2 protein chains.
Amino acid sequence: MPDYNYNVYASACPSRIMFDSISNKWTMFILDRLRDQPVRFNQLLREIEGISQKMLSQTLKTLERDGLITRTAFPTVPVTVEYAITPLGQTLSSTVHVLIHWAEHNGDEILAARAAYDAKNKQV
Amino acid sequence: MPDYNYNVYASACPSRIMFDSISNKWTMFILDRLRDQPVRFNQLLREIEGISQKMLSQTLKTLERDGLITRTAFPTVPVTVEYAITPLGQTLSSTVHVLIHWAEHNGDEILAARAAYDAKNKQV
DNA sequence: CAGCATCCAAGATGATACTG
DNA sequence: CAGTATCATCTTGGATGCTG
């Protein structure tokens, strides 16, 4: 028996409170992209296909607030901003990376399962 | 250089298509809950705090369609239905488990980071 | 017990335009 | 370049009531 007596999935515990933040697509993709080196705003915008400027901006702010990434502005003209992962974020990023690559490697198998399911349950 | 030349984050690749499914709270919690043994519908409903019957039903169906879990109905009166994880689901579940427990163990640190951030950026 | 159907409110996200 | 602001939309998900 673990050293806690509350339900892991309960909404009261801190882990649950912030699990919503990390269990979303953009959070994971950004974290994974920052894993190796700092990246600038527009670079992320270009490389993470499908994300809008609004969502990128919003997600980055949340990640910074949660202490998972840092934001550094360089006084160039025009301004340059680099986002980098923190040590804490790095620990999360490793797991996220595994998850993303699981999806990458098993995507086809899942698509096949879907097709089989749909074929079996097709209506008239 | 890896053996693929497309963007991992691109919406075109299969992994991305189904990444939305797995990167959500309920999917992860259900998968994690089924990791050790099969569980019945109402049992899941009770143990995964905060989930509604609708979301549970909906998420279970998606997971079954994706070949990550199986649904078995026993002809008892009233009917009993057990959901169990598949081998494919098991491989995903392991990673998800790490993620959930990351949240569990680092929740406080993140909450602290949030408090610090909010204190520094408080408006007048 | 294990669901499905319907209605509806709230939040998430996209599009567009503007700024330091 | 790196954002913010506003508006419109579109999905998500909760509440409720019904069924085999």
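None of these values were measured; they are calculated from a predicted model.
- Within the 4.5 Å cutoff, the side chain of A:T27 has no heavy atoms near those of the A:V96 side chain.
- Rounded to whole angstrom, the span from the CG atom of B:N42 across to the P atom of C:dA2 amounts to 5 Å.
- Within a heavy-atom distance below 4.0 Å of DNA chain C, the residues of residues 65-80 of chain A found are A:V79.
- Put simply, the side chain of A:I100 reaches to within 4.5 Å of the side chain of B:V8, judged on heavy atoms.
- OP1 or OP2 of C:dC4 has at least one side-chain nitrogen or oxygen of B:K61 nearer than 4.0 Å.
- Across all strands shown, A:K25 has no heavy atoms under 4.0 Å from either base or sugar-phosphate atoms.
- Separating the NE2 atom in A:H97 from the CG atom in A:D36 is a distance of 8.0 Å, to the nearest 0.5 Å.
- Protein chain B touches strand DNA chain D; the 5'-most and 3'-most nucleotides with an atom under 4.0 angstrom of its non-hydrogen atoms are D:dG13 to D:dG20.
- One N or O on the side chain of A:N24 and one on the backbone of A:W26 form a donor-acceptor pair closer than 3.5 Å.
- At a cut-off of 3.5 Å, with distance as the only test, a side-chain donor of A:R114 or B:S21 sits close to an acceptor on the other residue.
- Looking at heavy-atom distances under 4.0 Å, B:Q58 makes no contact with the nucleic acid at all.
- Phosphate proximity of C:dG3 to B:Y83: present, with a side-chain N or O under 4.0 Å from OP1 or OP2.
- Rounded to whole angstrom, the span from the CZ atom of B:R40 across to the P atom of C:dC1 amounts to 7 Å.
- Under the side-chain contact (heavy atoms from CB on, under 4.5 Å) test applied with B:L63, the options B:I69, B:L34, B:I22 reduce to a single match, B:I69.
- In this structure, the side chains of A:Y83 and A:T70 stay at 4.5 Å or more apart for every pair of heavy atoms.
- Taking atom CG on B:L63 and atom P on C:dG3, their separation rounds to 13 Å, with Å as the unit.
- With hydrogens and angles ignored, the 3.5 Å screen pairs a side-chain donor or acceptor of B:S23 with a backbone N or O of B:F19.
- The nearest heavy atom of DNA chain D to A:R46 and to A:S57 marks one nucleotide each, and the one closer to the 5' end goes with A:R46.
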